[in-house]
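All chains are named by letter (A, B, ...) in the order of the sequence lines, taking the proteins before the strands, and each is independently numbered beginning at 1. All values reported here derive from a predicted model rather than from experimental measurement.
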Amino acid sequence: MKEKIVLIDGHSILNRAFYGIPALTNSKGIYTNGVYGFLNIMFKLIDEENPQYLAVAFDTSKPTFRHEMFKEYKGTRKPTPKELSSQVPLIKEVLSAMNIFIISKAGLEADDLIGTMAEYSRNKGLDVVIISGDRDLLQLVKDDVKLRIPKTTRNGTTVENYYPDDVIEKYQLKPAQIIDLKSLMGDSADNIPGIPGVGEKTATKILLEYETLEKAYENVDNLKPPKASKSLKENYDLAVLSKKLATINTKADIEFDIENAKLGSMFNENSKEKFVELEFKNLLSRFSFEDEKEKIERKFEHIVTLKALDEFLNEAKKAKEIGTGMAYEKKLYGFSIAFDERNAFIEVNDEIKEDELCEKIKELIIASKSASFMDLKGILKVINLEKFENKYLDLSIGAYLINPIGGSYSYEDLAGIYLNESLESPKELLLKNSIEKTFKEDKKRVLTLTCYQAMTALLAKNIIFEKLKEMEMSDLYFNMEGPLIFVLDAMEKEGMLVKREALKEYGDSLVGRINQLEKSIYEKAGEEFNINSPKQLGVILFEKLQMPNAKKTKTGYSTSADILEKLAGEYPIVNEILEYRTLAKLKSTYADGLANYIGKDERIHSNFNQTITATGRISSTEPNLQNIPIKLELGRLIRKVFVPKDGFIFLDADYSQIELRVLAHMSGDETLIDAYRNSKDIHKATAASVFNIPIEEVTPLQRRNAKAVNFGIIYGMSAFGLGQDLGISNKEAADYIEKYYNAYPKIKMFLDGLVASAREKGYSITMFNRRRPMPELKASNFMQRSFGERTAKNSPIQGSAADIIKIAMIEVYEELKKRNLKSKLILSVHDELLVETALEEVEEVKKILTEKMMGAAKLQVPLEIELETGTNWYEAK
DNA sequence: TGCGTCACG
DNA sequence: ACGTACGTGACGCAT
């Protein structure tokens, strides 16, 4: 069996990877997509080729011989974005850590290095495989030298393979003739000028007849077509130079000892560290965890009897700390508990009944000195812990605080990031089946899943909470997010009473009008089509009906409301479409959508997610109760079906302009602070300052514009965005903004300071130290960077407001509980709290809401709320 | 599964 | 010159 060497064209593969994979950064904002893609390609090919030797060649940053000679052609290359160039040293570091041989030499291009190494290796009797995206290298192909060109697409990597026959098949030419081909046709990417007027077709034809460039010149008068003949004659010097440039040097002066390229221990502590640092979770599985993992898994215990359970729990209670996992899906299948060296799955069965098990686990948790969870709120669904304790460590939330834009915080992600362990995900373990099915068919898989949770919870806890401490977010966890888990759990359990029949009637009431509109739209369009399909609708409006000002999206015409509204005056059909859209939305998302979530208790139990948003807000899903219509009357009517139970009433408390107040506080702007302290109409006051007129003279239009500006400030406004919103020109909008900043110079300073600070630190920060990493600020792409600047301004404001309402929620919840009131907090909508209030407790709860919400934070301006009561949610808002 | 659209703060 | 307000989730369509 012949030995084999793989030679990789470093820059070329990094380039392909970079452009083939969407932008990707680690949590520190370091760009990693090129490196990631490079490694994927490399691993794939190593797996396929199984070489004994491997070398990666890089161009030097200094200009090389060939480039130097043809500076003037360099203009045809796009400058390398710094997102890519920053990854060159990175990939070198990673390769070094993997003990992979890297070669580069001043004055030589990677081509020349590869050519020389290839020649050297085949002379030594090795098979050679070259990996590059550059077709220049085709000239090196021989029976024992294969060129492989990887292509990264969204469906993975495919590779084109070239032996001499393949080259002939594709180019009709032998590999060595590729040099002549390039000499004739040139290659702008490689700065080879070629012969003017000669392209691939002509060049191929010439070479098929005369074999080489030299022979072509011997017969230059006979060349066809005459145009090519003429051009060759006129450009002899260029041809010679081109050939020189196109020829890869296979005898370059390098010291290459093949033993240096011998593949060694790619997967070692050093490289593991690099992979962890770059957060290449998937690639970590390349490290030979298999043995280690099996060892761990063999130690997973499976408890099925009460006797074994009691023995185990007795030991667990002596432990310093425990980690927990749970298999729950509509019902409980079991818990896993990890401590010291033990990790057991306790199965719910005929002997170990659910209630009894929960009771015992609860005792254990209460008795423990430290208990960590992947998802404490989930555990609370089966185990009723009294209240938050500092020893309850929720790792998902901890990891979310460390990096709120990390996406997912499940055990396999955290084990990958914090433990360098590659664990199979639930999807993989359950083979995409339900827990119920897997539990029946292959119980071991459920055991493994749950024990992995417990293991990760136990082992990652110190790392995550040490890190939180370092980042000064311990208080945020222990005083805010931790206690909030119990508040959200309670809200989810309480749910919200919905009048099922009334909701159905509401939905039915829409149907008649929807059908009527549908019919009329078809009539006016002259055909039936799917109004819900933006694609079909676009064609009807902008092609068939020839409406003006068509704006395109990626997939077709834009038919969004703001576009249609501009056409509504002239085309009656557009108004009908807009109304149809409104009604269709109400029907599908709200009337029908919500009905699916009404439980047997006639209540809707939404999920409140604590680890989703980049800014610290809570999100609501299945269903989303934070986007129930209110702006339009017809939609708002839905709120009448949300009602308090018998003997109760809704109390709804709304922070008044909390974000602008936060801005006033954080910026310290006296004018704004003063306006709030004196309870001024803030938009009027803004208008007065901006237009430099007395407050009494502010017109409604001026107020409206000032209000939009105030919103804009919070969003990191651009002139364009404001203009769009107000329907005024870019210039007018820019003028408003300038006037605003002149009136409130401190706010401008403050916002600019936020951007500067975020750029320097790499993250933004709220009043309560909540972070948001901001890798976009370092992007070279204008769009991305501008987005970064806007979020740098918005996140501290939106995030601080979110912090404040979270505090208010905790305080309100705890006060209601402390006083043993029947009234319950059931919903929070960003700046609003809804309490289902017992009739006899109304005054008391009003007081609590007022006091706790206003007192949630001490700002330089008062925090004011608007409090309403109602026998349904419509009335209470 | 991604996109367009639209509901909310 | 870039193409634009910040943060979410659900639905229907088209691939």
Colleague: What integer distance in Å separates A:Asn730:CG from C:dT4:C1'?
Modeller: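 Atom CG in A:Asn730 sits about 10 Å away from atom C1' in C:dT4.
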Colleague: From CG of A:Leu751 over to P of C:dC6, roughly how many Å is that when rounded to an integer?
Modeller: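 Rounded to the whole Å, the gap is 14 Å.
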Colleague: Between A:Lys377 and A:Asp394, is there a salt bridge with N-O shorter than 4.0 Å?
Modeller: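 Looking at A:Asp394 and A:Lys377, the cut-off is not met.
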Colleague: Could you please name the option among B:dG9, C:dA5, C:dA14 that lies closest to any side-chain atom of A:Gln536?
Modeller: C:dA14
Colleague: So, OP1 or OP2 of B:dG2: does either fall under 4.0 Å of a side-chain N or O from A:Lys554?
Modeller: no
Colleague: So what does A:Gly712 touch, heavy atoms closer than 4.0 Å: a base, only the sugar-phosphate, or nothing?
Modeller: base
Colleague: Answer with base, sugar-phosphate or nothing: what part of the nucleic acid does A:Ala708 contact at a heavy-atom distance below 4.0 Å?
Modeller: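 It contacts base atoms.
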Colleague: Can you label the angle between the A:Tyr736 ring and the A:Phe691 ring as parallel, tilted or perpendicular, going by 30° and 60°?
Modeller: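 Correct class here is perpendicular.
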Colleague: Taking 4.0 Å as the cut-off, does a side-chain nitrogen or oxygen of A:Thr621 come that near to OP1 or OP2 on C:dT8?
Modeller: no
Colleague: Quantified in whole Å, what is the P atom distance between nucleotide B:dG4 and nucleotide C:dA5?
Modeller: 13 Å
Colleague: If you check every side-chain atom of A:Asn794, which of C:dC6, B:dC8, B:dT5 has the closest atom?
Modeller: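 Ranking C:dC6, B:dC8, B:dT5 by closest atom to the A:Asn794 side chain puts C:dC6 first.
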Colleague: What verdict does the side chain to side chain contact (heavy atoms under 4.5 Å, CB included) test give for A:Val539 and A:Phe529, after you've listed the backbone C-alpha separation in whole Å, the side-chain angles of each residue and the deciding distance to 0.1 Å?
Modeller: CA-CA 10 Å; A:Val539 172; A:Phe529 65 101; over 6 Å; no
Colleague: Under 4.0 Å, counting only non-hydrogen atoms across every strand here, what does A:Ala719 touch: a base, just sugar-phosphate, or nothing?
Modeller: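 No contact at all - A:Ala719 keeps every heavy atom at 4.0 Å or more from the nucleic acid.
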Colleague: Select base, sugar-phosphate, or nothing to describe what A:Glu622 touches, counting heavy atoms under 4.0 Å on all strands.
Modeller: sugar-phosphate
Colleague: Grab the CG-P distance between A:Asp831 and B:dG9 for me, whole Å please.
Modeller: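 Roughly 7 Å, once rounded to whole Å.
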Colleague: For A:Thr613 and C:dT8, is the shortest distance between a side-chain N/O and OP1 or OP2 below 4.0 Å?
Modeller: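 Checking C:dT8 against A:Thr613, no side-chain N or O comes under 4.0 Å of OP1 or OP2.
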Colleague: Taking only Lys NZ, Arg NE, NH1 and NH2, and the carboxylate oxygens of Asp or Glu, determine whether A:Lys493 and A:Asp489 approach each other closer than 4.0 Å.
Modeller: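 Looking at A:Lys493 and A:Asp489, the cut-off is met.
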Colleague: Kindly say if A:Asn530 contacts the phosphate of C:dC13, meaning a side-chain N or O under 4.0 Å from OP1 or OP2.
Modeller: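 Looking at the OP1 and OP2 atoms of C:dC13, one of them is under 4.0 Å from a side-chain N or O of A:Asn530.
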Colleague: By the 4.0 Å heavy-atom rule, please label A:Ile612 as base, sugar-phosphate, or nothing.
Modeller: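 Sugar-phosphate: the residue A:Ile612, judged by heavy atoms under 4.0 Å, touches backbone atoms but no base.
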Colleague: Determine the Euclidean distance between corresponding P atoms of C:dT4 and B:dC3; express it in Å to zero decimal places.
Modeller: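 It works out to 14 Å between them.
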Colleague: Can you give the dot-bracket line for DNA chain C, where a pair is Watson-Crick or G-U wobble with both atom distances under 3.5 Å, crossing pairs use [ ], and | marks a partner on another strand?
Modeller: .....|||||||||.
Colleague: What I want to find out is whether A:Asp735 reaches A:Lys731 closely enough, with some N-O distance under 4.0 Å, to be called a salt bridge.
Modeller: no
Colleague: If I take atom CZ in residue A:Arg770 and atom C1' in nucleotide C:dG7, what distance separates them, rounded to the nearest angstrom?
Modeller: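 Spelled out: CZ on A:Arg770 to C1' on C:dG7 is 13 Å.
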Colleague: From the set C:dC11, C:dG9, C:dG7, return the single nucleotide nearest to any side-chain atom of A:Thr615.
Modeller: C:dG7
Colleague: Looking at the side chain of A:Gln798, which of B:dG9, B:dT5, C:dG9 is the nearest nucleotide?
Modeller: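 Between B:dG9, B:dT5, C:dG9, the one nearest the side chain of A:Gln798 would be B:dG9.
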Colleague: Could you state the atom-to-atom distance from OH of A:Tyr655 to P of B:dC8 in whole Å?
Modeller: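 For the pair A:Tyr655 OH and B:dC8 P, the rounded distance is 23 Å.
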Colleague: Counting only side-chain N and O atoms of A:Ser533, is one of them less than 4.0 Å from OP1 or OP2 of B:dG4?
Modeller: no
Colleague: What is the separation between atom CG on A:Leu625 and atom P on B:dG9, rounded to the nearest whole Å?
Modeller: 13 Å
Colleague: Please report the distance separating the P of C:dG3 from the corresponding atom of B:dC6, rounded so that it comes out in whole Å.
Modeller: 23 Å
Colleague: Going by the ring pair (Phe, Tyr, Trp, His ring centres under 6.0 Å) test, which pairs reach into residues 761-782 of chain A, not counting sequence neighbours?
Modeller: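 Applying ring pair (Phe, Tyr, Trp, His ring centres under 6.0 Å) to every pair that reaches into residues 761-782 of chain A, excluding sequence neighbours, yields nothing.
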Colleague: Side chain of A:Lys535: nearest nucleotide among C:dG7, C:dA14, C:dG9?
Modeller: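 The closest nucleotide is C:dA14.
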Colleague: Between A:Glu565 and A:Arg581, does any NZ, NE, NH1 or NH2 come within less than 4.0 Å of an OD or OE carboxylate oxygen?
Modeller: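 Answer for the salt bridge query: no.
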Colleague: Any side-chain N or O of A:Arg790 under 4.0 Å from OP1/OP2 of C:dT4?
Modeller: no
Colleague: Side chain of A:Tyr715, heavy atoms from C-beta onward: which of C:dG7, C:dA5, C:dG9 has the nearest atom to it?
Modeller: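 The nucleotide sitting nearest to the side chain is C:dA5.
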Colleague: Write down the distance between CG (A:Asp592) and C1' (B:dA7), rounded to a whole number of angstrom.
Modeller: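 Those two atoms, CG and C1', are 15 Å apart.
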Colleague: For A:Ala561, which contact category applies under a 4.0 Å heavy-atom criterion: base, sugar-phosphate, or nothing?
Modeller: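 Since only primed, P, OP1 and OP2 atoms lie under 4.0 Å of A:Ala561, the category is sugar-phosphate.
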Colleague: Side chain of A:Arg772 only, heavy atoms from C-beta on: which candidate in B:dG9, C:dC6, B:dT5 is closest?
Modeller: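 Closest nucleotide to the A:Arg772 side chain: C:dC6.
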Colleague: Looking at the base of C:dT8, is there any donor atom on it, or on the side chain of A:Ser619, that sits under 3.5 Å from an acceptor on the other one?
Modeller: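 By the distance-only test, no, there is no pair.
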Colleague: Between C:dG9, C:dG7, C:dA5, which one does the side chain of A:Asn627 approach most closely?
Modeller: C:dG9
Colleague: Regarding A:Asn609 and A:Thr611, do their side chains bring together a donor and an acceptor under 3.5 Å, going by distance alone?
Modeller: yes
Colleague: With sequence neighbours left out, what residues match A:Gln516 under side-chain contact (heavy atoms from CB on, under 4.5 Å)?
Modeller: A:Arg513
Colleague: From the list C:dA14, B:dG9, C:dA10, which nucleotide is the closest neighbour of the side chain of A:Ile630?
Modeller: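 It is B:dG9.
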Colleague: Are any of the side-chain nitrogens in A:Glu481 or A:Arg770 under 4.0 Å away from the carboxylate oxygens of its partner?
Modeller: yes
Colleague: What's the closest nucleotide to the side chain of A:Leu722 if the choices are C:dA5, B:dT5, C:dG7?
Modeller: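 That would be C:dA5.
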Colleague: Nearest whole Å is fine: how far is C:dT8 P from A:His830 NE2?
Modeller: 10 Å
Colleague: Closest nucleotide of DNA chain C for A:Ser718 versus for A:Ser795: which of these residues is on the 5' side?
Modeller: A:Ser718
